[in-house]
Each structure stands twice: as C-alpha cells, then as structure tokens.
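Take a look at the structure set out below.
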Amino acid sequence: MAERKRQYWLLKSEPTSYSLDDLKRDGTTAWTGVRNYQARNYMRDDMKPGDGVLFYHSSTDPMAIVGVCEITSVGKFDETALDPKDHHYDPKSTPQNPIWFAVDVKYKRTFAEPITLTEAKSMKGLEKMVLLQKGSRLSIQPVTDKEWEIISKRK
DNA sequence: GCCAACGTTGGC
DNA sequence: GCCAACGTTGGC
C-alpha cells in the first residue's frame, strides 16, 4: 500500500475558550465541539496521524498563527454530542449513528514571534491561503505544502 | 458594537 | 427543491 503523503491543516480557536498554552499544558487534546459539516468532513475523512497543524487564535488581539501541532488520531466520535449539559450537545449524533467527529491534536511548539493576521497578509506565497480569503470562517482549513513550508519555518 | 459572509432551518 | 428568515462567525 502506498504511503499517504503528509497533509497540513489550520485549526482556529478563540484563546479565551482554548489557547495554544492550554494545549501545551494538556499535551494532547480531542478537538471536539465542531458543528460544521465541512470541518467535520476534514476530521472524519482526511485528517491522519502525523499531519501538521497550524494553530490560529481568532477574535483576539492580535489575531495570529501562534504555533504548530500534530494530528495523532484519525476521526473518532465526538463525545460532547452526548452530554445534555454541553453547549455542543446534539442528540441526533450517537455512537451508532455518529454525525460529529473529533481528532486528537498534540502540542509541538509555540512560535517565538506569532505570525499576526496582518503580517500573514503581507507574506509572499500566502496570497491564496484559505485563512486570508474574504469571508472565510471555516474553523478547520486545509493548508498547502507551500504555505506550510513558509509558515512552519518561523522560529 | 457593527455587519458582511455564510450556514442552517423550515414553510411552501 | 426553493428561498426567506434567522443564527453564527469573526474581522474591523
């Protein structure tokens, strides 16, 4: 069987709800609570252990790509759908008939200097990046090899 | 706080 | 299956 090529992703999070520092503390976390079908599809169908992840802080000052993580599981059932007290509760999603999925994400490193949204917009080679497109609000986005190469070079 | 962009829902 | 109404995201 042919080796699958490593793919790259960007995960958005509001640092007040879950920051890269939180992930550094936890080591690994299940990326639960995603309730958007396109983002779900990426987790369920496309993400594989070893894939690279850029971690982005949204709705904060400054908004920035703050570091690098790694996918360490394939898509699995999102348990938060079962909990009536959870904000992401969805009784239609059950282990027998799963709708919502999560992947495990492992902390790798934090950039000494975050790449702010403003800076990213000025960087050569990132013009097509999903994050920078007008109206783009997907919380899980694919990142191209070239974009990964440019961004993950950051110390 | 505003609002553009987009996704989802539900009436028909 | 269309589409108006509504809700959410997230940059500004």
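Since the model is a prediction, treat every value here as computed from it, not as a measurement. In the text below, chain A, chain B and the rest are named by the order of the sequence lines, each starting its count at 1.
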Gap between atoms CD and C1', on A:Q141 and C:dG11 respectively (whole Å): 13 Å
OP1 or OP2 of C:dG11 under 4.0 Å from side-chain N/O of A:K121: no
Within one Ile-Leu-Val-Met-Phe-Trp-Tyr cluster: A:Y56 and A:M129, side-chain cutoff 4.5 Å: yes
Greater than 12 external heavy atoms within 6.0 Å of A:K128's NZ: no
Contact state string [nucleotides 1-9 of chain B, B base, S sugar-phosphate only, - no protein heavy atom under 4.0 Å]: ----BBSS-
A:I115 with A:L11, same ILVMFWY side-chain cluster at under 4.5 Å: no
is_close_aromatic(A:W100, A:Y37), centroid dist under 6.0 Å: yes
Criterion side-chain contact (heavy atoms from CB on, under 4.5 Å) on A:L131 and A:K12, from CA distance to verdict: CA-CA 9 Å; A:L131 181 70; A:K12 274 189 201 171; 4.0 Å; yes
Between P of C:dG10 and CD of A:E14, the distance in whole Å: 7 Å
Gap between atoms CG and P, on A:L132 and C:dG11 respectively (whole Å): 11 Å
Side chain A:H87, main chain A:G33, donor-acceptor under 3.5 Å: no
